[in-house]
Amino acid sequence: MAEFDARPLAASDTVTVWDVACPGERKHASDEECATATHVVFPYRGVYVHHVGRAESVAEANQVVFINEDEPYRVSHPVAGGDAALSIGVSAATLLELAPKEYLVSNGRAAFNRSRMRIGADTQARTALLRHRLDRGAVEGLEAESLTLTLLRGALNAGASHASAGGPGPRKLVDRVKLVLAEDLSRRWTLADIASAVGGSAVYLTQVFQQLEGMPLYRYQSRLRLGRALALLGDRVDLTSLALELGFSSHSHFSAAFRQAYGQTPSAFQRAARVR
């Protein structure tokens, strides 16, 4: 079994919420695991690869990962540093009510017919706020359950506008790009560097990434950095140091990118995350 630390943040008959952290020491795929309930997983730090059968999905902060009840899966960590995610267990009745029918298997079972889905910046921000507030005990009971369902409903119903398409070849190329970028969030990559690292041309790479991810490569990298910032802003951190650590040229550059993505400044988000 994979080694990880799972801390319960909220529990009810409808949903359970866990903060799951894995040291990521196993580079190759782990032994098969099975979940006893379907989980919707929001990665917020690091990156890992989710394996179901022969299918592979890169799990990172721009994606939500689906783990179906009693469906064997494996996990690998090709990028060092470990990962963390907010994992939400969903009852069968709740899932059937929340999820669009096109996302579920056709036999009426409460299970997803895909292993991941892209999410937007608004969902990233809601996920981070929910995690910070649950972690500090700022919300509990009915409020915690309601906020969790709101997050799930928004993520699942917004997913149609973020659906990715394309064959296995381009998808594998894009996934390799994601792993390369996740290795060093602070590095200022050039297209030539990335193309060389993944084995493709810069022109083709930019085209296929835009097609499959619905955003240009530079914006995706910025979203990775901002997703990491969301995970850290619940603590008392120096914003200038954080900006430079994540590869932004200055505090103002970081603040402008954060405001554009989430509609508020990093300091405003930091205050909201610490509200009790």
Side-chain angles (χ1 to χ4, degrees), residues 19 21-24 42-48 58-64 77 79-86 118-136 138 151 162 174 177-195 197 202 205-206 209-210 213-276:
D19 191 1
C22 182
F42 296 83
Y44 65 83
R45 176 176 62 79
V47 63
Y48 67 93
V58 176
E60 38 76 23
N62 292 305
Q63 311 283 332
V64 61
H77 293 85
V79 176
D83 66 87
L86 191 75
R118 193 161 70 253
I119 59 174
D122 54 342
T123 299
Q124 274 189 328
R126 283 197 296 268
T127 303
L129 276 176
L130 176 63
R131 182 177 65 84
H132 289 312
R133 289 173 175 174
L134 288 175
D135 189 47
R136 286 172 169 75
L151 171 63
H162 296 290
V174 168
V177 172
K178 291 180 177 182
L179 293 175
V180 165
L181 294 178
E183 285 191 63
D184 188 355
L185 293 181
S186 65
R187 178 170 172 175
R188 296 188 180 182
W189 291 89
T190 67
L191 280 177
D193 290 338
I194 299 172
L205 186 59
T206 55
F209 199 97
Q210 173 82 46
E213 293 301 315
M215 70 178 76
L217 189 53
Y218 70 86
R219 187 171 299 157
Y220 173 85
Q221 183 192 40
S222 179
R223 285 276 302 278
L224 274 184
R225 291 169 169 172
L226 292 173
R228 179 64 175 142
L230 286 173
L232 296 172
L233 284 172
D235 301 320
R236 295 187 184 278
V237 296
D238 179 78
L239 296 182
T240 298
S241 297
L242 178 61
L244 298 177
E245 177 186 329
L246 293 177
F248 293 97
S249 59
S250 64
H251 175 278
S252 60
H253 179 206
F254 169 50
S255 185
F258 195 97
R259 181 191 288 274
Q260 183 179 32
Y262 305 123
Q264 57 186 311
T265 63
S267 56
F269 180 89
Q270 195 172 41
R271 289 193 296 271
R274 297 183 64 83
V275 169
R276 287 189 175 273

>> Under the rule for side chain to side chain contact (heavy atoms under 4.5 Å, CB included), what residues qualify as partners of Gln221, not counting sequence neighbours?
In response: Leu181, Trp189, Arg225
>> Restricting to side chain to side chain contact (heavy atoms under 4.5 Å, CB included), what partner residues turn up for Ser249, sequence neighbours left out?
In response: Arg188, His253
> If we only count heavy atoms from C-beta on, is the Pro266 to Phe254 side-chain gap below 4.5 Å?
Replying inline: yes
>> For Ala125, give me all partners under side chain to side chain contact (heavy atoms under 4.5 Å, CB included), at least two apart in sequence or on another chain.
In response: Tyr262
>> Do Leu226 and Leu246 have side chains that approach each other closer than 4.5 Å (heavy atoms only, starting at C-beta)?
In response: no
> If you measure from CD on Glu245 to CZ on Arg228, what distance do you get to the nearest 0.5 Å?
Replying inline: 7.0 Å
> Hey, does Val237 have a side-chain heavy atom less than 4.5 Å from the side chain of Gln270?
Replying inline: yes
>> Going by the rule side chain to side chain donor-acceptor pair (under 3.5 Å), which residues pair with Asn62 if we only count those two or more places apart in sequence or in a different chain?
In response: Glu60, Gln124, Arg223
>> Nearest 0.5 angstrom please: Arg45 CZ to Leu185 CG, how far?
In response: 11.5 Å
> Does the side chain of Asp19 come within less than 4.5 Å of Arg131's, by heavy atoms?
Replying inline: yes
> Partners of Thr206 by side chain to side chain contact (heavy atoms under 4.5 Å, CB included), sequence neighbours excluded?
Replying inline: Leu191
> About how many Å separate CZ of Phe269 and CD of Gln264, when rounded to the nearest 0.5 Å?
Replying inline: 6.5 Å
> Would you call Pro43 and Asp83 a side-chain contact if the rule is heavy atoms closer than 4.5 Å?
Replying inline: no
> Does any non-hydrogen side-chain atom of Leu230 lie less than 4.5 Å from one of Phe258?
Replying inline: yes
> Closest approach of Leu205 and Leu217, non-hydrogen atoms and distance?
Replying inline: CD2-CD2, 4.5 Å
> Do you know which two heavy atoms are closest between Ile119 and Ala61, and how far apart they sit?
Replying inline: CD1-O, 3.8 Å
> Tell me, do Ser222 and Phe248 make a side-chain contact under 4.5 Å, heavy atoms counted?
Replying inline: yes
>> Looking at Arg118 and Glu213, would you say the former's side chain and the latter's main chain have a donor-acceptor pair under 3.5 Å?
In response: yes
> In Å, rounded to the nearest 0.5 Å, how long is the span from CG of Asp122 to OG1 of Thr127?
Replying inline: 9.0 Å
> So do the side chains of Leu242 and Leu233 get within less than 4.5 Å of each other, counting heavy atoms only?
Replying inline: yes
> Sequence neighbours excluded, which residues qualify as side chain to side chain donor-acceptor pair (under 3.5 Å) partners of His132?
Replying inline: none
> What is the minimum heavy-atom distance between Cys22 and His77, and which atoms define it?
Replying inline: SG-CE1, 3.5 Å
